Chemist: 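I'd like to ask you about the structure that follows.
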Amino acid sequence: MQPAVVHPSLFASIGVIALVLWRVYARIRRVIGRQSLKRRRQLISVVVFPIVLVLLLLASIANPPSAIGLCAGAVIGSLLGAYGLRLTQFEVTEAGHFYTPNAHLGIALSLLFVGRLAYRFLHLQMMGDAAAAPPDAFTRSPLTLLIFATLIGYYITYAIGLLRWSANTPLPAPGAPMPAAQGDSATTLANDSRNSGLS
């Protein structure tokens with residue numbers, strides 16, 4: 001009997017899924033309540049996730065629908081990330097930079113991707129061909145790549161926004177009055193305009 005040969009891309013798919021599940025778990029824990037900004041964590045997202053997207057694009061380039069789904073998802077995720085930043089409450093104290101993300105958006109995207117993975121797994125189980133599924137099945141599904149890239153694009157854009165905000169917002173000097181918490185830029189601009197009209 002010939003021993004089963006494990007395709008190398010199977011390990012890549014397992015690694016990608018494990019990475020995303022870990023980030024989903026960490027994200028769900030962090031999207032609830034006020035969070036301390038950890039620059040190293042955001043830098044990891046900015047560096048690692050674009051590499052993952054490029055590797056997936058190279059793996060799916062032979063399947064145009066999958067490549068298109070990946071690219072479209074990255075664009076959608078970037079737009080959602082920018083929208084998520086507008087919904088985020090920012091705060092600077094002597095203890096550091098803090099932010100309160102919108103819980104609904106982050107959790108919804110995370111659960112959407114986890115639900116898609118669960119659906120594909122159950123579908124293969126019900127069809128009885130889970131073991132016979134090709135090792136690159138992950139990169140052959142345009143819908144899965146669309147949802148995955150949306151989630152990753154959201155993480156990348158959100159992390160870049162947090163890093164830019166922290167870089168442009170220095171910590172207050174000890175004893176200085178604390179700046180008020182900042183919401184989205186549209187709300188801040190509207191408040192400034194209203195105040196100038198009253199003066």
Side-chain angles (χ1 to χ4, degrees), residues 16 18-57 70-114 146-199:
V16 168
L19 173 65
V20 172
L21 290 179
W22 168 70
R23 289 295 295 157
V24 167
Y25 171 75
R27 179 68 182 174
I28 290 177
R29 288 188 60 185
R30 293 202 308 270
V31 295
I32 301 176
R34 180 172 177 261
Q35 308 295 325
S36 174
L37 193 150
K38 306 294 183 183
R39 289 183 58 86
R40 179 178 300 179
R41 181 182 297 163
Q42 306 306 325
L43 284 172
I44 291 175
S45 296
V46 171
V47 173
V48 173
F49 283 128
I51 295 176
V52 172
L53 284 178
V54 171
L55 292 177
L56 285 175
L57 181 60
L70 187 72
C71 295
V75 173
I76 295 172
S78 298
L79 296 176
L80 290 176
Y83 178 65
L85 288 168
R86 291 177 59 85
L87 299 179
T88 300
Q89 294 292 322
F90 299 97
E91 181 182 358
V92 182
T93 71
E94 294 180 7
H97 296 85
F98 296 86
Y99 65 101
T100 305
N102 181 269
H104 301 92
L105 183 58
I107 291 178
L109 288 175
S110 301
L111 293 180
L112 179 64
F113 179 67
V114 173
L146 173 68
I147 296 175
F148 175 78
T150 299
L151 184 63
I152 297 305
Y154 172 82
Y155 286 152
I156 294 172
T157 304
Y158 197 84
I160 292 175
L162 291 178
L163 289 173
R164 291 184 59 185
W165 167 70
S166 64
N168 295 327
T169 311
L171 297 177
M178 296 294 104
Q182 303 173 7
D184 60 83
S185 57
T187 301
T188 303
L189 181 60
N191 290 338
D192 291 344
S193 300
R194 183 169 60 253
N195 292 336
S196 61
L198 294 176
S199 59

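All residue numbers in this chain count up from 1 along the given sequence. Given the structure is predicted, the values throughout are model-derived calculations rather than measurements.
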Chemist: Can you tell me how far the CD1 atom of Ile76 sits from the OG1 atom of Thr150, to the nearest 0.5 Å?
Modeler: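 Reported value, rounded in 0.5 Å steps: 4.5 Å.
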Chemist: With sequence neighbours excluded, tell me which residues meet side-chain contact (heavy atoms from CB on, under 4.5 Å) with Phe98.
Modeler: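 Partners of Phe98 under the side-chain contact (heavy atoms from CB on, under 4.5 Å) test: Arg34, Ser36, Glu91, Thr93, Ala95.
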Chemist: If you take all heavy atoms of Pro170 and Asn168, which pair is closest and at what distance?
Modeler: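 Scanning both residues, the minimum pair turns out to be CD-O, 3.6 Å.
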Chemist: Which is it for Ser45 and Ile156 under the side-chain contact (heavy atoms from CB on, under 4.5 Å) test, yes or no, and what are the steps along the way?
Modeler: CA-CA 6 Å; Ser45 296; Ile156 294 172; 5.9 Å; no
Chemist: Determine whether Phe148 and Leu56 make a side-chain contact, defined as any pair of heavy atoms from C-beta on separated by less than 4.5 Å.
Modeler: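 A side-chain contact under 4.5 Å exists here.
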Chemist: Considering non-hydrogen atoms only, spot the tightest contact between Cys71 and Leu57 and give its length.
Modeler: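 Reported closest heavy-atom pair: SG-CD1, 4.1 Å.
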Chemist: Which residues pass the side-chain contact (heavy atoms from CB on, under 4.5 Å) test with Ile147, sequence neighbours left out?
Modeler: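 side-chain contact (heavy atoms from CB on, under 4.5 Å) list for Ile147, sorted by chain: Leu112, Phe113, Arg116, Leu143.
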Chemist: Please give me the minimum heavy-atom distance between Ala159 and Val46, naming the atom from each residue.
Modeler: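 Taking Ala159 first and Val46 second, the nearest heavy atoms are CB-CG2, 3.8 Å.
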Chemist: The test is side-chain contact (heavy atoms from CB on, under 4.5 Å); show your working for Tyr99 and Leu85 and say whether it passes.
Modeler: CA-CA 10 Å; Tyr99 65 101; Leu85 288 168; over 6 Å; no
Chemist: Do the non-hydrogen side-chain atoms of Trp165 and Val92 ever get within less than 4.5 Å of each other?
Modeler: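 Side-chain contact under 4.5 Å: yes.
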Chemist: Check whether any side-chain heavy atom of Leu37 sits under 4.5 Å from a side-chain heavy atom of Phe90, and report yes or no.
Modeler: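 Side-chain contact under 4.5 Å: no.
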Chemist: Could you please spell out the steps behind the side-chain hydrogen bond (donor to acceptor under 3.5 Å, both in side chains) verdict for Thr88 and Tyr158?
Modeler: CA-CA 10 Å; Thr88 300; Tyr158 197 84; 2.7 Å; yes
Chemist: Indicate yes or no for a side-chain donor-acceptor contact from His97 to the backbone of Thr169 under 3.5 Å, with no hydrogens or angles considered.
Modeler: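 Checking the backbone N and O of Thr169 against the side chain of His97, a donor-acceptor pair under 3.5 Å is found.
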Chemist: Could you report the tightest heavy-atom contact between Ala149 and Leu70, atom names first, then the distance?
Modeler: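 It is CB-O, 3.1 Å.
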Chemist: Do Ile152 and Val52 come within less than 4.5 Å of each other through their side chains, counting heavy atoms only?
Modeler: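 No, their side chains stay 4.5 Å or more apart.
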Chemist: What is the distance from atom CZ of Arg41 to atom CG of Leu163, rounded to the nearest 0.5 Å?
Modeler: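 The CZ atom of Arg41 sits 12.0 Å away from the CG atom of Leu163.
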Chemist: Identify, with sequence neighbours excluded, every residue that meets side-chain hydrogen bond (donor to acceptor under 3.5 Å, both in side chains) alongside Arg39.
Modeler: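 Here the qualifying residues are Ser166.
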Chemist: Is there a side-chain contact between Leu105 and Tyr154 in this structure, where contact means two heavy atoms from C-beta onward sitting under 4.5 Å apart?
Modeler: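 Of all side-chain heavy-atom pairs linking Tyr154 with Leu105, at least one is under 4.5 Å.
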